[in-house]
Amino acid sequence: MSSSASATEPDPLLSVDQVARWLGKPKATLYAWRSRGLGPRAIRVGNVLRYRRSEVEGWLDANTDDRR
């Protein structure tokens with residue numbers, strides 16, 4: 001696969017279950033964050049929430065504690 005083909009592929013959409021597992025948080029926490037305007041931005045697709053992988057990664061980067 002060429003690099004130009006991979007550049008045109010859509011950003012993977014992750015389910016609430018996948019993001020909860022990735023972050024090590026209960027699904028209820030993701031729903032609570034969403035209702036409070038916190039956490040990574042989600043997209044409603046029909047009647048389910050999906051998260052762009054890049055949104056979750058960006059949110060993690062923006063919320064990384066730089067203190068050591």
Side-chain angles (χ1 to χ4, degrees):
M1 178 180 282
S2 70
S3 61
S4 62
S6 63
T8 60
E9 291 180 19
D11 197 6
L13 294 178
L14 306 174
S15 69
V16 174
D17 287 329
Q18 290 172 307
V19 175
R21 271 194 313 274
W22 182 7
L23 299 179
K25 295 289 184 185
K27 290 190 315 184
T29 299
L30 294 178
Y31 290 121
W33 284 349
R34 180 170 165 77
S35 70
R36 295 182 190 134
L38 306 171
R41 294 188 314 165
I43 304 163
R44 183 158 297 283
V45 179
N47 63 347
V48 296
L49 290 179
R50 294 288 185 245
Y51 291 85
R52 285 187 179 101
R53 178 180 285 288
S54 62
E55 285 287 339
V56 178
E57 290 171 344
W59 179 82
L60 286 169
D61 289 342
N63 289 282
T64 297
D65 187 355
D66 292 333
R67 294 176 288 161
R68 293 184 183 243

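This structure is a prediction, so every number in the text was calculated from the model and none was measured.
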According to a 4.5 Å side-chain heavy-atom criterion applied to Ile, Leu, Val, Met, Phe, Trp and Tyr, with indirect links allowed, do [X] and [Y] form part of one hydrophobic cluster?
X	Y	value
Leu60	Trp33	yes
Val19	Val48	no
Tyr31	Ile43	no

Query raised in the report: Does atom CZ of Arg44 have more than 12 heavy-atom neighbours, drawn from other residues, nucleotides or ligands, at distances under 6.0 Å?
Result: yes
Query raised in the report: Is the number of heavy atoms from other residues, nucleotides or ligands under 6.0 Å of Arg52 CZ greater than 12?
Result: no
**Report entry** Verdict with reasoning, Trp59 to Tyr51, per side chain to side chain contact (heavy atoms under 4.5 Å, CB included)
**Finding:** CA-CA 11 Å; Trp59 179 82; Tyr51 291 85; over 6 Å; no
Report task. Determine the minimum heavy-atom distance between Ala20 and Pro26, stating which atoms define it. Result -> CB-C, 4.3 Å
Query - Rounded distance (nearest 0.5 Å) linking atom CZ of Arg21 with atom OG of Ser15 - result: 6.0 Å
Query raised in the report: Given the rule in the side chain to side chain contact (heavy atoms under 4.5 Å, CB included) test, do Arg50 and Leu14 qualify, once you have shown the distances and angles that lead to the verdict?
Result: CA-CA 5 Å; Arg50 294 288 185 245; Leu14 306 174; over 6 Å; no
Report task. Decide side chain to side chain contact (heavy atoms under 4.5 Å, CB included) for Leu30 and Leu23; before the verdict, give the C-alpha distance in whole Å, the side-chain angles of both, and the deciding distance to 0.1 Å. Result -> CA-CA 10 Å; Leu30 294 178; Leu23 299 179; 4.0 Å; yes
